[in-house]
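Residues: numbered from 1 along the sequence shown.
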Amino acid sequence: MKRTYLGEFEEVVLLTVAILGEGAYGIAITDELDRQTGRNVSISAVHAALHRLEEKGMLSSKMGDATAERGGRRKRLFSVTVLGSKTLQEVREQRNRLWDAISPQTLPALGI
């Protein structure tokens with residue numbers, strides 16, 4: 001299977017959707033990204049990444065119920081697809097192989 005390219009920001013957005021589970025929607029994803037990474041990202045950047053990931057088949061979305069906190073508006077809820085899960089696993093395995101291949105002399109400050 002040919003792997004679809006996954007950029008670094010897309011990867012952290014996809015991971016964040018996985019962290020949030022059923023509560024993954026735009027603002028919650030943005031807030032969790034800030035908590036997990038310390039990155040202050042705009043909601044528009046998150047929405048763009050969500051759209052790209054959905055187009056690639058790594059996320060699916062559905063409209064949730066209307067909530068009083070949003071003035072009766074509905075939230076678009078995101079979830080990781082099987083392809084998204086497989087892609088994240090491939091990325092993780094690739095990164096682990098790369099880390100395992102580093103000589104301790106190459107990065108002495110890390111003490112690996």
Side-chain angles (χ1 to χ4, degrees):
M1 174 174 100
K2 182 182 174 193
R3 186 168 79 85
T4 303
Y5 177 75
L6 187 63
E8 186 266 341
F9 186 66
E10 291 174 333
E11 180 183 347
V12 295
V13 169
L14 190 56
L15 286 165
T16 304
V17 171
I19 289 168
L20 292 172
E22 293 180 9
Y25 66 99
I27 294 293
I29 295 165
T30 303
D31 291 345
E32 188 66 20
L33 272 169
D34 186 34
R35 271 193 294 283
Q36 292 288 340
T37 67
R39 289 171 71 168
N40 186 8
V41 297
S42 70
I43 186 68
S44 59
V46 170
H47 278 293
L50 291 168
H51 180 72
R52 287 191 308 272
L53 289 164
E54 196 166 19
E55 282 185 336
K56 291 177 180 183
M58 295 182 197
L59 287 178
S60 62
S61 68
K62 65 179 182 180
M63 293 304 291
D65 295 330
T67 60
E69 69 187 36
R70 292 179 41 87
R73 294 190 342 238
R74 298 166 56 181
K75 297 176 186 172
R76 180 166 298 279
L77 302 170
F78 293 87
S79 59
V80 179
T81 64
V82 171
L83 176 61
S85 296
K86 287 180 180 179
T87 301
L88 283 173
Q89 185 61 35
E90 288 173 8
V91 168
R92 183 180 192 176
E93 290 169 0
Q94 180 183 41
R95 288 184 192 271
N96 287 341
R97 280 192 306 274
L98 289 166
W99 275 104
D100 292 344
I102 296 173
S103 167
Q105 294 80 20
T106 306
L107 296 174
L110 295 180
I112 50 176

Working for side chain to side chain contact (heavy atoms under 4.5 Å, CB included), residues V46 and I27: CA-CA 9 Å; V46 170; I27 294 293; over 6 Å; no
Exercise: identify the closest heavy-atom pair between G23 and A28: O-CB, 3.6 Å
Side chain to side chain contact (heavy atoms under 4.5 Å, CB included) involving E93 - partner list, sequence neighbours excluded: Q89, R97
Nearest-0.5 Å distance that lies between atom CZ in F78 and atom CG in L50: 4.5 Å
Electrostatic pair R35:E32 at N-O distance under 4.0 angstrom: yes
Any side-chain donor near an acceptor of the partner, T16 and Q36, under 3.5 Å: no
Sub-4.5 Å side-chain heavy-atom contact between F9 and L33: yes
Connected via hydrophobic side-chain network under 4.5 Å: I19 and L6: no
Distance in Å, K56 NZ paired with E10 CD, rounded so as to fall on 0.5 Å steps: 3.5 Å
Side-chain heavy-atom pair Q94, L98 within 4.5 angstrom cut-off: yes
Value rounded to 0.5 Å, distance of CZ in R76 from NZ in K62: 11.5 Å
Shortest non-hydrogen separation from S60 to T81 and the atoms involved: N-CG2, 3.7 Å
Within 6.0 angstrom of R95 CZ, more than 12 heavy atoms from elsewhere: no
Nearest-0.5 Å distance that lies between atom CG in L59 and atom CG in L77: 12.0 Å
L83-V80 co-clustered via ILVMFWY side chain contacts under 4.5 Å: yes
Side-chain donor or acceptor of T30 paired with backbone N/O of I43 under 3.5 Å: no
From CA spacing to verdict: side chain to side chain contact (heavy atoms under 4.5 Å, CB included), R39, V12: CA-CA 11 Å; R39 289 171 71 168; V12 295; 4.2 Å; yes
Side chain proximity check, L15 to E11, heavy atoms < 4.5 angstrom: yes
Linked, directly or transitively: V13 and V91 (ILVMFWY side chains, under 4.5 Å): yes
CD-OG distance between E54 and S79, expressed to the nearest 0.5 angstrom: 9.0 Å
Atom pair CZ/CG of R52 and L14 - distance to nearest 0.5 Å: 12.0 Å
